[in-house]
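Notes follow once the structure below has been shown.
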Amino acid sequence: MARSISFSEAINEALTIAMAADENVILMGEDVVGGAQVDHLQDDEAWGGVLGVTKGLVQQFGRDRVLDTPISEAGYIGAAVGAAATGLRPVAELMFNDFIGSCLDQLMNQAAKLRYMFGGKAEVPLTIRTMHGAGFRAAAQHSQSLYALFTHIPGLKVVVPSTPADAKGLLLTSIADNDPVVFFEDKTLYNVKGEVPEGDYRIPLGKADIKRAGRDLTIVAIGKQVHTALAAADTLATQGIDVEVVDPRSLSPLDEDTILASVAKTNRLIVIDEATARCGVAADIAALVADKGFDSLDAPIKRITGPHTPVPFSPVLEDLYLPTPTKVIQTVAELLGDSSIAAAVS
Amino acid sequence: MARSISFSEAINEALTIAMAADENVILMGEDVVGGAQVDHLQDDEAWGGVLGVTKGLVQQFGRDRVLDTPISEAGYIGAAVGAAATGLRPVAELMFNDFIGSCLDQLMNQAAKLRYMFGGKAEVPLTIRTMHGAGFRAAAQHSQSLYALFTHIPGLKVVVPSTPADAKGLLLTSIADNDPVVFFEDKTLYNVKGEVPEGDYRIPLGKADIKRAGRDLTIVAIGKQVHTALAAADTLATQGIDVEVVDPRSLSPLDEDTILASVAKTNRLIVIDEATARCGVAADIAALVADKGFDSLDAPIKRITGPHTPVPFSPVLEDLYLPTPTKVIQTVAELLGDSSIAAAVS
Amino acid sequence: MGMVQTAQPVLTHEKALWMYRKMVEIRRFEDAVHDLFAKGKLPGFVHLYAGEEAVAVGVCAHLSEADSITSTHRGHGHCIAKGCDLDGMMAEIYGKATGLCKGKGGSMHIADLTKGMLGANGIVGGGFPLACGAALTAKRKGTNQVAVCFFGDGANNQGTFHEGLNLAAIWKLPVIFVAENNGYAEATPFTYASSCRRIADRAAAYDIPGVVVDGKDVVAVYQAAEEAVRRARSGEGPTLIECITYRNYGHFEGDAQTYKAKEERKRHLEELDAIVRFRSYLLDGGLASGEDLSRLEEEARAAVEQAIQFAEESPFPSPTDLFDDVYVSY
Amino acid sequence: MGMVQTAQPVLTHEKALWMYRKMVEIRRFEDAVHDLFAKGKLPGFVHLYAGEEAVAVGVCAHLSEADSITSTHRGHGHCIAKGCDLDGMMAEIYGKATGLCKGKGGSMHIADLTKGMLGANGIVGGGFPLACGAALTAKRKGTNQVAVCFFGDGANNQGTFHEGLNLAAIWKLPVIFVAENNGYAEATPFTYASSCRRIADRAAAYDIPGVVVDGKDVVAVYQAAEEAVRRARSGEGPTLIECITYRNYGHFEGDAQTYKAKEERKRHLEELDAIVRFRSYLLDGGLASGEDLSRLEEEARAAVEQAIQFAEESPFPSPTDLFDDVYVSY
Ligand SMILES: Cc1ncc(C[n+]2csc(CCOP(=O)(O)OP(=O)(O)O)c2C)c(N)n1
Ligand SMILES: Cc1ncc(C[n+]2csc(CCOP(=O)(O)OP(=O)(O)O)c2C)c(N)n1
Ligand SMILES: [Mg+2]
Ligand SMILES: [Mg+2]
């Protein structure tokens, strides 16, 4: 049965199910409980993560399985890698993906490569949960979307859900997966609600979801930008333009077939990604289609991304940083060579 | 006057010139001299870098300006950032680019962002020299080409030279530049010789070089792969196929105009980059052309890259990992729909 | 012990008044930011320094604008103690074009290099290497400038702590590492996350002096910093000073602080308050009159008021500012 | 001192012979690799462990296959002491399909998880967190396994040292951190790069025991490790053991070692050699006969010879191997 719960509740639910099912699943991270060894603190008063996403897990699974860590990203993320290689199935939280600079080695050179370097004789069933995304007025060091860095690295899997239901199903799959998965959570989506099935269900990695079917143009959108695409599509529908919105959901593996099939049908592609453009995921998808989908293309491949700047603090600037439905509509108008569209909706 | 010197000599020469011209230029890194505080060691017996690239600099500039560091990449790279922000012009060596996992934060969140976060009120005139590239039988943790990670990050500049002359001219420009530059040196090119002008000369960042002019097809190649492209082009010339080889030289900024002009002329593009494909530089350039150069394209954009695997140790596998002239010729044949080409040269 | 010692003239009248003024300025500023945040006037993450004033002020009392400091996510106090302009600071926190960083940095990235303030930092532990770098510049150029690295008890478990202290020690860099041990990193107690009894104990691992002081006694901080700065300026290398302190507010605005014991909070906010204690010290020692102090309090109040007005009335950045200031040239 | 002490029965006959055999095996193996490299038979970077045998062997003598170790770029000795197959090791170094890692890892990444050998590691300092992770698994699962992290004097300045030791200390993880202080990191002396006098001094920063031993005296290493392993197995947490040792060859093959003083080298290679010393100890103490030892030497020689032949005769990987083993599933 599906009920409407928030994105963060969906994640909490997935963690609860995974931990109940397999005692090798442990959680670790900074303040994933909070208040370690504070005498007077009741478990239900503990933070449960800096934004409360892991709240309540300690009551069910105890502090032996929900581990607060020191501020030592290399230390505890690397420990999660070592624990995964020796028999646990850790879910480690890197609070903000921006902190990857403190522990990239553990993921890039250890987790991602152990199996290959050891000739297939190691497994690293590790999930890294991490927050990304702009729009929280958190400035340059707490607002990036860095999944491109991980997608570039063979040996890692990369997941970016856009809805509560996807978040739950993909997180359960990620935890059960026997390879290292980096799971991105947009902090500005946490309070967004959606229908989410009860119980344990899995969404396979590498399977895109067509969030809206359409004939005239394909938009591939990453994470929260799926909603930007859908909003633009609704408006465009009033102009008789029928947009297909594809949500890859996992960036590595990437569901090339669904993307190519969509473009084969619509002959036009826009990719929306709030991350920066250079060597980004939007470029990656554009390059895929410029090769394997070239013959079906009737127009240039457009990308709507964050600009080549850090994320600014000031709300007025940050709002300009992010893609918007209006920008999407303008790009569609450009692509279809029909300026009346943009004019009509503005 | 130009003489033939090796790639590593060209770099050494650039460092010598830059240090002689500006006493704020200092060098720091692990064993950039070697043998610090060893009583009996003569300066000319010191390593001068793990592959000898910085040899001799200590004799001219002394240990106050050529600083051996502990194995603490975050510490000394971050110190270089702090020194750059306060008045020095450091050239810090990250021995292998693979070690970026230990110090990414200092480059990504500090060096790259200080200026923007501080509203334009900081300058970070820092150069990071680092070795990259496969083919050295150095296995997965010492063979990557990670420039895509840096190209993705606004605030950084990224340079990848392919010849001794470019290496010297670009390094001098990088050191003089007032922004942080990551300068990649392919360790398998160090002994390659080429004509190099004497004295101080500068090659601007963001200016591609057409290493071979041609009419039929554009190959954009990164770093050492420029030579793969040129070798393939020579062979293809015997088949009457006239390839243009474009060397971007700097990836950030990227000379979009030269690439687009070349494709406008040839209508066909192959990008060669030994790094992995996903969110890589080849994808980035393909995406550029699939947007702004779409109308001039007569064929899909092909990429020849490393596979989605870590770099294997075994020489037989590593040789398969890397792009080769044969692979390039096969791809050209495919692109031109003319299988006789590949057959003729194989 | 127990004997009356000849009172050392620790502080001059001017210095004492400057210190009091700065401490009060920080407190007023932070209390105001707290209120403004509660009213929904301020965007973003805000971490307040109230309660810890004695640390920033006791240390910065020895610095000139030519000296550098690196700061943390909890940076307002360091900024004020280092002489940053309140108007520019408040405007920055509002995200206004007149902010010290043109509104691009916000609370977590306020900086003013002309004052030697190398920036608040959103990365815990980010300041250790940067401070070493500033000190390296000073050493290389032969100025006698120093660099101070402020950091929290949570940051003392970051790898950069180790790398920074080791580097500073082997190169004898003029750095003072100032631990602000307020007992918590977010909701995690120092005693849980750190295996050392005292952060200062870790100095021995680098063969440098490690000192613990009551970080809510500004005179004690002042004295410890005096010796550390002297050492640094005279080429004797780094010092680690641990200041035991307390943050009056939560980790960030919005934190219910359930992890703090009631009595602990009460004791810190009432009995142990650094400003109250310094006030008595000044009055008891005859270093300042009640009128002096009231005047300073009033000045600080007015300055903060003025800063809020300045920020409120300032314009937001213009759209093209988004693209500026990424590079010097590109 | 000077008094004759009742000889404690430190080693059993079996253990003593096993240790001697392993030490000789490492030495023969490394000497052979040295020669093969010089002949141009081996690709890549090769870092040899010769001279440091007593460390790996003295520690691993307390471990079973269920215990884990993390290693370094200089990993052959750890592999052998932990029971890895010589044939598979040598084939790996040759890049052959029969190598322990199918030729994909090479000298810098030899591993055998079935033996609890979590891999040589090309990243200096990479092992600290991994060892903590293996120990966390043991602790969580309630086995009484331990993890040993071998690391160099150079690695002791990495941030991961600090983070790993702190984490192990607060969680009382069953880890033994074994510093192999061979005096140099590449060409950089320990005394230059490290601000501590002894690496073991840094243990105090984590409130754990720190011990210094003569790392070329295998019995001393054995004894220090015994106590550390006991502590770990009984839930008392980590120990840091610093073994003072020396590498007989250069940093990697091809290093002219100009930074080493002639006398120092001579003394280490001749007077202080760990195998020669252990040989005398065994004979003098009546723990083994000359015949025993000669037989072990011969066995080791033959095993290494056999490994070379195995490697030489083994096939290279096949082209499709390039693409395998990246993921369990993708
Ligand atoms: C590298 C990194 N890890 C984690 C965080 C999240 N974070 C911000 S402040 C903080 C606690 C810092 O504690 P402490 O160093 O004691 O400083 P305090 O807040 O007490 O002043 C944490 C975990 C961060 N900003 N950067
Ligand atoms: C993160 C990282 N930095 C630098 C290097 C290059 N490097 C390889 S071995 C080595 C020296 C290591 O010294 P030490 O830890 O003393 O080990 P030893 O070689 O003496 O056994 C260095 C600098 C590396 N492999 N990884
Ligand atoms: Mg704190
Ligand atoms: Mg060493």
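Reminder, nothing fancy here: chain letters follow the sequence lines and each chain counts from 1.
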Working for side-chain contact (heavy atoms from CB on, under 4.5 Å), residues B:Q110 and C:I123
CA-CA 9 Å; B:Q110 314 298 338; C:I123 301 298; 3.7 Å; yes

Heavy-atom proximity to chain C below 4.5 Å, by part of B:I26
side chain

Given the rule in the side-chain contact (heavy atoms from CB on, under 4.5 Å) test, do C:L136 and B:M28 qualify, once you have shown the distances and angles that lead to the verdict?
CA-CA 11 Å; C:L136 181 62; B:M28 45 203 289; 4.2 Å; yes

Counting heavy-atom pairs under 4.5 Å with chain B, the top scorer among C:L130, C:T137, C:L167 is C:T137

Return the SG to CD distance between B:C103 and C:E163, rounded to the nearest 0.5 Å.
9.0 Å

What is the minimum heavy-atom distance between C:T160 and B:A74, and which atoms define it?
CG2-CB, 4.1 Å

Top of C:C132, C:A111, C:A134, C:G105 for chain B proximity - count of heavy-atom pairs under 4.5 angstrom:
C:A134

CG/C:N121 to NZ/B:K113 distance, rounded to the nearest 0.5 angstrom?
11.5 Å

Using non-hydrogen atoms and a 4.5 Å limit, figure out which bit of C:N166 sits close to chain B: side chain, backbone, both or neither.
side chain

Of the listed B:T86, B:I71, B:D64, the one with the largest count of heavy-atom pairs under 4.5 Å with chain C is B:T86

Look up atom CG in C:D325 and atom CZ in B:F118, then write down how far apart they are to the nearest 0.5 Å.
12.5 Å

Flag the pair B:L88 / C:K141 as yes when at least one side-chain heavy-atom distance between them is below 4.5 Å, and no otherwise.
yes

Identify which part of C:S329 has an atom lying under 4.5 Å from any heavy atom of chain B, answering side chain, backbone, both or neither.
both

If every non-hydrogen atom of B:Y116 is compared with every non-hydrogen atom of C:D321, which pair is closest and at what distance?
OH-O, 4.2 Å

Side chain / backbone / both / neither for B:D105 at chain C, heavy atoms under 4.5 Å:
side chain

Run the side-chain contact (heavy atoms from CB on, under 4.5 Å) test on C:Y330 and B:K157 for me, step by step, so that the C-alpha distance in whole Å, both residues' side-chain angles and the decisive distance to 0.1 Å come before the verdict.
CA-CA 8 Å; C:Y330 195 63; B:K157 294 175 177 174; 3.9 Å; yes

C:R140 versus B:N24: any side-chain heavy-atom pair under 4.5 Å?
no

Nearest 0.5 Å, please: how far is CG in B:L114 from CG in C:L113?
8.0 Å

Within the supplied structure, the quantity of interest is the number of heavy atoms (other residues, nucleotides, ligands) at a distance under 6.0 Å from B:E23 CD; does it exceed 12?
no

Taking C-beta and beyond as the side chain, do C:P129 and B:V81 meet within less than 4.5 Å on heavy atoms?
no

Under 4.5 Å, heavy atom to heavy atom, which residues of residues 95-104 of chain C contact chain B?
C:G99, C:L100, C:C101, C:K102, C:K104

Taking the side chain from B:N178 and the backbone from C:V328, do they hold a donor-acceptor pair closer than 3.5 Å?
no

C:L165 versus chain B, heavy atoms under 4.5 Å apart: side chain, backbone, both or neither?
neither

Note: vs chain C, highest number of non-hydrogen pairs under 4.5 angstrom among B:A83, B:P125, B:G206 is B:A83

Within 6.0 angstrom of B:K121 NZ, more than 12 heavy atoms from elsewhere:
yes

Spatial distance of atom OG (B:S252) from atom OH (C:Y327) [nearest 0.5 Å]
4.0 Å

